[in-house]
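Quick notes on the structure that follows.
For the numbers below, each heavy atom of this structure counts, side chains included, while hydrogens, waters and symmetry mates do not.
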Amino acid sequence: MNDNDTRRLSRLTAILTQLQTRRLLTATNLAEKFNVSIRTIYRDIRALEQAGVPILTEDGKGYTLMDGYKIPPVMFT
């Protein structure tokens, strides 16, 4: 796994964590937080959706997780 892959995996995990802890996130806020383009956030959200994460898009407002969806805590070693 190269450095870009590691950064992307870390960002995807962080976005999922953010979605679990906040009600609504915008692509602009996420792009600023992770210092990437809004287009990159769009790709990341699509990748999470393709992985089976039920992300809901509220047009003009942002992203949120489907009610009741939670990822169990995981420990990486």
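Note on Tyr69 and Leu12: same hydrophobic cluster, where clusters join Ile, Leu, Val, Met, Phe, Trp and Tyr whose side-chain heavy atoms are under 4.5 Å apart, directly or indirectly.
Asn4 meets the side-chain hydrogen bond (donor to acceptor under 3.5 Å, both in side chains) test with Arg7; sequence neighbours excluded. Here Thr26 pairs with Asn29 under the side-chain hydrogen bond (donor to acceptor under 3.5 Å, both in side chains) rule; sequence neighbours left out. Every side-chain hydrogen bond (donor to acceptor under 3.5 Å, both in side chains) that Asp67 has, sequence neighbours left out, goes to Arg23.
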Return a table of donor-acceptor pairs under 3.5 angstrom between the side chains of residues 14-21 and protein atoms on other chains or two or more places apart.
residue : atom : partner : partner atom : Å
Thr17   : OG1  : Thr13   : O            : 3.0
Gln20   : OE1  : Ile71   : N            : 2.6
Thr21   : OG1  : Thr17   : O            : 3.2
Thr21   : OG1  : Gln18   : O            : 3.2

In a table with atom names and distances, give each donor-acceptor pair under 3.5 Å that connects a side chain of residues 39-55 to protein atoms at least two apart or in another chain.
residue : atom : partner : partner atom : Å
Thr40   : OG1  : Ser37   : OG           : 3.0
Asp44   : OD1  : Arg8    : NE           : 3.1
Asp44   : OD1  : Arg11   : NH2          : 3.4
Asp44   : OD2  : Arg11   : NE           : 2.5
Asp44   : OD2  : Arg11   : NH2          : 3.3

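Considering only heavy atoms from C-beta on, Asp5 comes within 4.5 Å of Asn2 through its side chain.
Note that the OG1 atom of Thr64 and the CG atom of Leu56 stand 6.5 Å from one another [nearest 0.5 Å].
Shown here is Asp3, whose CG atom has more than 12 heavy atoms of other residues, nucleotides or ligands within 6.0 Å.
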